[in-house]
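Below you'll find the structure, written out as C-alpha cells, and then a few comments.
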Amino acid sequence: MQSYDVIIFGAGAAGMFCAIEAGRRGRRVALIDHAKAPGEKIRISGGGRCNFTNLDIRPERFLSQNPRFARSALSRYTQHDFIARVDAAGIAWHEKALGQLFCDGSAREIIAMLCKDMAEVGVELKLATRIEDVQHSDGFTVRTSAGELHAPKLVVATGGKSIPKMGASGLGYQLATRFGMDLTETRPALVPLTFTSEQLDEMKPLAGLSVSASVCCGTIAFREGLLFTHRGLSGPSILQISSYWREGEAIDINLAPDVDIAAALAAEKQQRGKQSVSVALSAHLPEKLARQIVARSGLVGNLADQPKARLQALARDVSAWRVRPVGTEGYRTAEVTLGGVDTRGLDSRTMESRSLPGLHFIGEVVDVTGWLGGYNFQWAWSSGWVAGQAV
Ligand code: FDA
C-alpha cells in the first residue's frame with residue numbers, strides 16, 4: 001500500500017493545478033490518470049494554442065444552478081494570477097478577441113509549464129493507470145492497475161463527458177453519487193446545433209461561410225461569428241447559445257447586426273433602383289448567402305420593382321431569422337458538459353464535500369460551466385487552486 005497526503009483523480013487542467021498547489025504546501029501527492037499523457041484537452045484546446053483564460057472573467061459568465069458558487073474561487077485565484085504564472089514561465093501570448101488569451105506558440109507550452117511545476121514539488125504522476133475501486137474508511141483507499149494507494153484526502157478532477165475519445169468518463173459523477181452527493185442534470189454544451197433535413201438542405205450549400213452574427217435565445221444573446229456547416233450551424237455564437245438553448249426552443253439570428261437592412265435597401269432603391277435585390281443585399285452579406293435569402297423569399301426583379309413591405313419582409317429574413325434546432329451534436333463534439341456535481345453539496349472556499357470531509361471535486365465535473373473564450377480553463381485553475389490550498 002502506497003501512502004500519500006492527497007490522491008487526485010484526473011491529470012487535466014484542474015487536477016494538475018491542484019497537485020502543484022498541494023505539492024507546494026509540502027503535501028505528498030499522487031495524481032492518477034488513465035490516459036497516457038497529462039493535459040490532453042489542453043493540448044487540443046484553442047485550435048492547438050490554448051485559450052487559457054480571459055481578461056474579462058466575471059461570475060455571471062458561468063452557468064450553474066447556484067450562480068453564486070463560483071465567485072469565491074474565481075476571486076481568490078484570478079485570471080491575472082494565471083497570466084502572471086504564464087509570464088513567469090516565459091510563455092508568449094496574445095489577446096485574440098473579447099479578452100480571450102491564447103499562446104503565441106503552442107498549447108503544449110502550458111502543459112510543459114504544469115509538468116515542470118509538478119516535478120519541482122514532487123507530485124507523483126501515475127499515467128495509464130486504471131482506477132478500479134475506491135473505499136472510504138479512515139481515509140480513502142484506491143485500488144488501481146498500479147497497486148493500492150491510501151490518503152486522507154481525495155480530489156476528483158476527472159472532467160465531464162465531452163469527447164469520450166479523449167478519455168472522458170463518468171467516473172466523477174459515479175463517485176459523487178456513491179458518496180451520497182447530488183448531481184444536477186448534465187448535457188452537452190458549447191456544441192454545434194443540429195437541424196431537420198429540410199433546414200439542412202438550405203444550410204449545406206452555404207457550408208464554410210461565416211458571418212458576424214447576433215444569436216439570441218430567450219433573454220440571452222451573443223454577438224460573435226456564425227459558421228454554416230454541412231451538419232448545420234456552428235461558430236462561437238452558436239456554441240455560446242447552445243449552453244442556454246433547450247429542446248423545442250427557437251433561436252433568433254441577426255445575420256447583419258451592424259446594419260439596418262430595411263433602411264439600407266430602401267436607400268439603395270432610391271439611388272440605384274435598377275440594381276438586383278441580391279446584389280444590393282450582398283453589400284452586407286456574403287454573396288452566396290444573400291442570393292439564397294432572396295431566392296427563399298421569392299422576390300424577383302430589381303429593387304425598383306419591390307414594394308416597401310416586401311423589402312421590409314426580406315430585411316426581417318436577414319435580421320430576425322428564426323430557426324428551431326432539433327438537437328445538438330452531443331458529447332462527441334461538445335467542448336464541455338453543463339451540470340455535474342451539485343454545488344450545494346460543496347464548500348465554495350475549498351471545493352470539499354459537505355457530507356464527506358476529505359473528498360473534493362474540482363473543474364468541469366462540478367456544476368459550473370463557463371462561456372466559450374477561456375472561461376472553462378480559468379474555472380479549472382481557480383477551483384484547482386483553492387482545493388490545493390485546502391487539502
Ligand atoms: P479535463 O477533462 O481536462 O481532465 C480530466 C482528466 O481526467 C483527463 O485527463 C482524463 O483522462 C481523466 N479521467 C477521466 N476519467 C478518468 C478515469 N475513469 N480514470 C482516470 N482518469 C480519468 N476551455 C477553455 O477555457 N479554453 C479553450 O480554448 C478550450 N478549448 C477546448 C477545445 C476542445 C476541443 C474541448 C473538448 C474543450 C475545450 N475547452 C476549452 C474546455 C476545457 O478543455 C475543459 O473545460 C477543461 O479541460 C476542464 O478541465 P478538467 O481538468 O476539469 O477536466
Side-chain angles (χ1 to χ4, degrees), residues 7-19 30-54 57 61-62 79 82 93 96 98-103 107 110-111 114 125-134 142-146 155-175 188-192 234 236 239 243 329-338 340-341 351 360-385 387:
I7 297 170
I8 302 174
F9 290 167
M16 287 196 277
F17 217 57
C18 178
L31 176 56
I32 305 173
D33 203 297
H34 60 182
K36 290 197 193 91
E40 280 293 87
K41 276 200 185 152
I42 299 176
R43 183 176 60 78
I44 61 157
S45 68
R49 291 222 162 98
C50 186
N51 178 191
F52 55 82
T53 192
N54 194 294
I57 297 286
R61 294 182 174 178
F62 292 81
Q79 65 273 37
F82 193 76
W93 52 268
K96 202 167 165 187
L98 303 171
Q100 302 165 3
L101 305 190
F102 287 75
C103 299
I110 299 286
I111 302 174
L114 298 171
L125 180 57
K126 295 174 185 292
L127 295 170
T129 301
R130 227 176 28 251
I131 297 159
E132 292 169 347
D133 188 37
V134 183
V142 179
R143 199 177 72 227
T144 75
S145 53
V155 182
V156 181
T158 45
K161 299 181 187 175
S162 54
I163 326 265
K165 225 171 47 185
M166 296 200 66
S169 78
L171 180 69
Y173 308 117
Q174 287 159 23
L175 287 172
L190 300 182
V191 62
S234 186
L239 299 185
S243 299
E329 286 188 5
Y331 290 115
R332 189 178 58 81
T333 59
E335 284 203 8
V336 287
T337 302
L338 194 70
V341 176
M351 308 301 291
H360 299 245
F361 289 85
I362 56 173
E364 197 181 320
V365 72
V366 177
D367 172 30
V368 173
T369 306
W371 281 7
L372 185 80
Y375 294 89
N376 286 296
F377 277 135
Q378 186 59 44
W379 170 245
W381 315 133
S382 296
S383 60
W385 189 90

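Keep in mind the model is a prediction, meaning the values are calculated, not measured. One-based numbering along the sequence shown. Read the numbers this way: they start at 1 and go in the same order the structure lists the ligands and their atoms. As a basis for the values below, the full set of heavy atoms in this structure was taken, side chains included, without hydrogen atoms, waters or symmetry mates.
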Distance to 0.1 Å, residue and atom name: give those for the protein heavy atom nearest to [atom].
{"atom": "atom 30 (N) of ligand 1", "result": "Ser45 CB, 3.2 Å"}
{"atom": "atom 48 (C) of ligand 1", "result": "Glu364 OE1, 3.4 Å"}
{"atom": "atom 43 (O) of ligand 1", "result": "Phe377 CZ, 3.4 Å"}
{"atom": "atom 34 (C) of ligand 1", "result": "Ile44 CD1, 3.5 Å"}
{"atom": "atom 2 (O) of ligand 1", "result": "Lys41 NZ, 3.6 Å"}
{"atom": "atom 3 (O) of ligand 1", "result": "Gly12 CA, 3.8 Å"}
{"atom": "atom 20 (C) of ligand 1", "result": "His34 N, 3.2 Å"}
{"atom": "atom 38 (C) of ligand 1", "result": "Glu335 OE1, 3.5 Å"}

Within a distance under 4.0 Å of any heavy atom of [X], pick out the atoms of ligand 1 and give their elements.
{"X": "Ile131", "value": "19 (N), 20 (C)"}
{"X": "Ala157", "value": "5 (C), 6 (C), 7 (O)"}
{"X": "Ala13", "value": "3 (O), 51 (O)"}
{"X": "Ser169", "value": "14 (C), 15 (N), 16 (C), 17 (C), 18 (N)"}
{"X": "Asn376", "value": "23 (N), 25 (O), 45 (O)"}
{"X": "Gly167", "value": "10 (C), 11 (O), 13 (N), 14 (C), 15 (N)"}
{"X": "Gly363", "value": "52 (O)"}
{"X": "Gly374", "value": "24 (C), 25 (O), 26 (N)"}

Is any N or O atom of [X], backbone or side chain, closer than 3.5 Å to an N or O atom of ligand 1?
{"X": "Gly46", "value": "yes"}
{"X": "Ile362", "value": "no"}
{"X": "Gln378", "value": "no"}
{"X": "Gly39", "value": "no"}

Measure across [X] and [Y] and return the closest heavy-atom pair with its distance rounded to 0.1 Å.
{"X": "Glu364", "Y": "Val336", "result": "OE2-CA, 3.4 Å"}
{"X": "Ala157", "Y": "Ile362", "result": "CB-CG1, 3.6 Å"}
{"X": "Ala146", "Y": "Thr129", "result": "CB-CG2, 4.0 Å"}
{"X": "Leu127", "Y": "Ala35", "result": "CB-O, 3.5 Å"}
{"X": "Gly373", "Y": "Asn51", "result": "C-OD1, 2.7 Å"}
{"X": "Thr369", "Y": "Thr337", "result": "OG1-O, 3.3 Å"}

Applying a 4.0 Å heavy-atom criterion (strictly less than), which segment of [X] is in contact with ligand 1: side chain, backbone, both, or neither?
{"X": "Asp33", "result": "both"}
{"X": "Asn51", "result": "both"}
{"X": "Ile163", "result": "side chain"}
{"X": "Val336", "result": "side chain"}

Pairwise side-chain contact, [X] with [Y], heavy-atom cut-off 4.5 Å (strictly under):
{"X": "Trp371", "Y": "Ser243", "result": "no"}
{"X": "Leu175", "Y": "Thr158", "result": "no"}
{"X": "Leu101", "Y": "Phe82", "result": "no"}
{"X": "Met16", "Y": "Leu31", "result": "yes"}
{"X": "Met166", "Y": "Ile44", "result": "yes"}
{"X": "Pro192", "Y": "Thr333", "result": "yes"}
{"X": "Glu40", "Y": "Asp33", "result": "no"}
{"X": "Pro38", "Y": "Leu125", "result": "yes"}

- Could you check whether the rings of Trp381 and Phe377 sit parallel, tilted or perpendicular, using 30° and 60° as the cut-offs?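 The rings of Trp381 and Phe377 lie parallel, inter-plane angle below 30°.
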Measuring from non-hydrogen atoms of [X] to any atom of ligand 1, is the shortest distance under 4.0 Å?
{"X": "Tyr375", "result": "yes"}
{"X": "Ser162", "result": "no"}
{"X": "Ala168", "result": "no"}

- Do His34 side-chain atoms and Gly167 backbone N/O form a donor-acceptor pair below 3.5 Å?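 Pair found, side chain donor or acceptor close to backbone of Gly167.
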- Task: Going by heavy-atom distance to atom 1 (P) of ligand 1, choose the closest among Ala35, Gly159, Ala14, Cys18.
- Result: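 Of the listed residues, Gly159 has the closest heavy atom.
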